[in-house]
Amino acid sequence: MPHRLTTERLALFATLLATFGELHPLCDHWVQGPKTASRKRLYVEELVHADGTPAAPGSTRPTMTTSTLGRRAVACHVASVGLAR
């Protein structure tokens, strides 16, 4: 009987993997915004404003590194995929 349980678990895993594998691209195209998509790859340590524009020296607006902006975009992406499921 343990062999059958293992087979059922593998079948369930394969089904869930296939389902979520197909949902991820759908969420990328329909749920995620274009700004989030373009900012997910920002990993440089340059200062920018929250809207992604470069920070000029002496700027009074709050700044962050592009890496922080990229991490925020990834967090938004993960949240949007999680909410869509």
Side-chain angles (χ1 to χ4, degrees):
M1 197 56 124
H3 181 65
R4 179 180 170 171
L5 184 61
T6 303
T7 304
E8 288 175 357
R9 286 181 179 171
L10 285 173
L12 176 63
F13 175 74
T15 302
L16 292 174
L17 183 64
T19 301
F20 292 134
E22 293 301 319
L23 283 177
H24 186 239
L26 175 73
C27 292
D28 274 352
H29 292 285
W30 292 99
V31 179
Q32 174 181 254
K35 285 183 182 179
T36 302
S38 65
R39 292 178 181 170
K40 285 192 303 185
R41 291 183 174 87
L42 296 177
Y43 298 106
V44 182
E45 297 297 323
E46 296 174 1
L47 289 179
V48 293
H49 298 290
D51 62 359
T53 58
S59 175
T60 58
R61 292 172 48 198
T63 61
M64 67 184 78
T65 63
T66 51
S67 181
T68 301
L69 188 62
R71 285 193 301 272
R72 286 184 179 185
V74 170
C76 288
H77 170 71
V78 170
S80 67
V81 171
L83 290 174
R85 291 183 183 171

Student: Please go through F13's hydrophobic cluster and name the other residues, only I, L, V, M, F, W, Y counting, with side-chain heavy atoms under 4.5 Å joining them.
Tutor: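 Taking Ile, Leu, Val, Met, Phe, Trp and Tyr as members, F13 shares its hydrophobic cluster with L17.
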Student: Please name the pair of heavy atoms, one in R39 and one in G52, separated by the smallest distance, quoted to 0.1 Å.
Tutor: NH2-N, 3.9 Å
Student: Does any pair with a residue in residues 51-73 pass salt bridge (Lys or Arg N to Asp or Glu O under 4.0 Å), and if so which ones, sequence neighbours excluded?
Tutor: D51-R61
Student: What are the two closest non-hydrogen atoms of K40 and A73, and how far apart are they?
Tutor: N-CB, 3.9 Å
Student: Under the side chain to side chain contact (heavy atoms under 4.5 Å, CB included) rule, collect the residues that match up with L10, sequence neighbours excluded.
Tutor: T6
Student: Suppose we screen for side chain to side chain contact (heavy atoms under 4.5 Å, CB included). Which residues come up paired with A55, at least two apart in sequence or across chains?
Tutor: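 A55 satisfies side chain to side chain contact (heavy atoms under 4.5 Å, CB included) with L47, H49, T63 once adjacent residues are dropped.
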Student: Can you list everything that forms a side chain to side chain contact (heavy atoms under 4.5 Å, CB included) with T60? Sequence neighbours excluded, please.
Tutor: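 Checked T60 against side chain to side chain contact (heavy atoms under 4.5 Å, CB included); zero matches.
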